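Contents: one structure, followed by commentary.
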Amino acid sequence: MEQRVSLEFSETKDDMATPIANDHPEPLAPALLEVADVHHLYGRGTKDEYTALNGISFSVRAGEFVSIVGPSGCGKTTLLRCVSGLMRPSSGTIAVNGEVISSVPHDLTLVFQDYSRSLYPWLRVAANVDFPLRDAGLPRDERSARVAQALADVGLTGHERKYPRQLSGGMQQRVAIARALAYRPSMLLMDEPYASVDAQTRASLEDMLLDVWARRNKTVLFVTHDIDESVYLADRVLVLSAGPSRVIADIAVDIPRPRDQIDTKATPEFVELRAEVARLIRDAGTAPR
Ligand code: ADP
């Protein structure tokens with residue numbers, strides 16, 4: 001399923017940001033994702049030109065859970081769209097498994113905030129999860145096994161024949177996640193996936209994701225504007241400044257797993273990390289527009 005493609009983003013830009021020092025030890029595994037000095041300008045050459053990404057560099061190793069947090073409008077969605085291959089950055093390179101991408105890499109799957117628009121309302125739950133597998137031409141037996149496993153992983157066994165409208169918002173987002181998992185990507189890219197659900201649903205979706213991540217040995221890049229969520233979930237938190245955005249910190253979260261919504265969040269380590277991220281975001285200012 002792994003796709004390797006190569007083509008450089010060739011444009012260069014003169015106001016390169018200095019990459020931040022990475023004070024983590026040598027990587028234990030090769031980088032699955034390598035983002036190097038990515039800039040993105042909207043409306044290039046027009047009076048509305050705006051630099052959304054201003055020299056973003058970071059890497060994610062296989063098996064890591066990395067969250068990206070930053071103020072609204074700082075460029076998180078722009079960055080994820082570039083990483084997913086849906087959008088081409090103005091300059092810089094993005095490599096998956098060591099190969100620079102030029103189109104949508106097959107082993108990354110994106111989960112959006114807006115689950116209601118990402119599911120097909122006329123298809124039942126199982127058919128929604130099956131859709132990309134059918135599209136990829138997988139044999140029927142393989143597809144049904146993957147659909148059953150993915151639905152079990154997200155806690156939706158028994159709901160296969162329902163339509164999305166018969167499910168709560170949280171359950172619909174579980175279907176969207178099951179669809180991504182069934183495709184078996186090496187990396188899940190998640191763009192504020194829990195921003196539209198209530199706090200309790202959000203907590204249970206966070207724990208479901210941590211459980212699947214650990215059991216299925218996934219790699220996750222999780223974008224959020226919620227500081228608690230970024231720390232609770234991740235091995236590392238990348239903090240983005242307000243736009244034009246840069247990575248202003250790459251913070252290791254050395255809090256033991258499995259984590260617990262109440263106990264972990266009451267530990268001094270969690271409280272200190274949450275405060276550190278909040279301070280960084282506050283001191284970096286708010287988005288200019
Ligand atoms: P975030 O996901 O952090 O809220 P976005 O990546 O959506 O931020 O947007 C970053 C900045 O780029 C914002 O200031 C936004 O207004 C601007 N922007 C996003 N999309 C476009 C576009 N298509 N054209 C012009 N500006 C855009």
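Worth saying up front: this structure is predicted, and the values here are computed from it rather than measured. One is the number of the first residue; the rest follow in order along the sequence. Indexing begins at 1, ligand by ligand and atom by atom, following the structure's order.
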Just to check, does G70 reach to within less than 4.0 Å of ligand 1 when the distance is taken from its heavy atoms? no
Could you list which atoms of ligand 1 come closer than 4.0 Å to a heavy atom of Y50? 11 (C), 12 (O), 14 (O)
Where on C74 is there a heavy atom closer than 4.0 Å to ligand 1, on the side chain, on the backbone, on both, or on neither? both
Less than 4.0 Å between a side-chain N and a carboxylate O, is that true for R236 and E64? yes
Positive for side chain to side chain contact (heavy atoms under 4.5 Å, CB included) with V247, one of L79, L240, I68: L240
Pick from P71, G243, G73, S245: the one approaching atom 11 (C) of ligand 1 most closely through a non-hydrogen atom: G73
Are any of the N/O atoms in T77 less than 3.5 Å from those in ligand 1? yes
Measure up the F65 and F222 rings against each other and bin them: parallel (under 30°), tilted (30 to 60°), perpendicular (over 60°). tilted
Fellow cluster residues of F131, listed by chain then number, with links counted only when side-chain atoms sit under 4.5 Å apart: Y120, W122, L123
Hits for salt bridge (charged side-chain N to carboxylate O under 4.0 Å, His left out) against D211, two or more places apart or cross-chain, chain-then-number order -> R215
Test item, G43 contacting ligand 1 (heavy atom, 4.0 angstrom): no
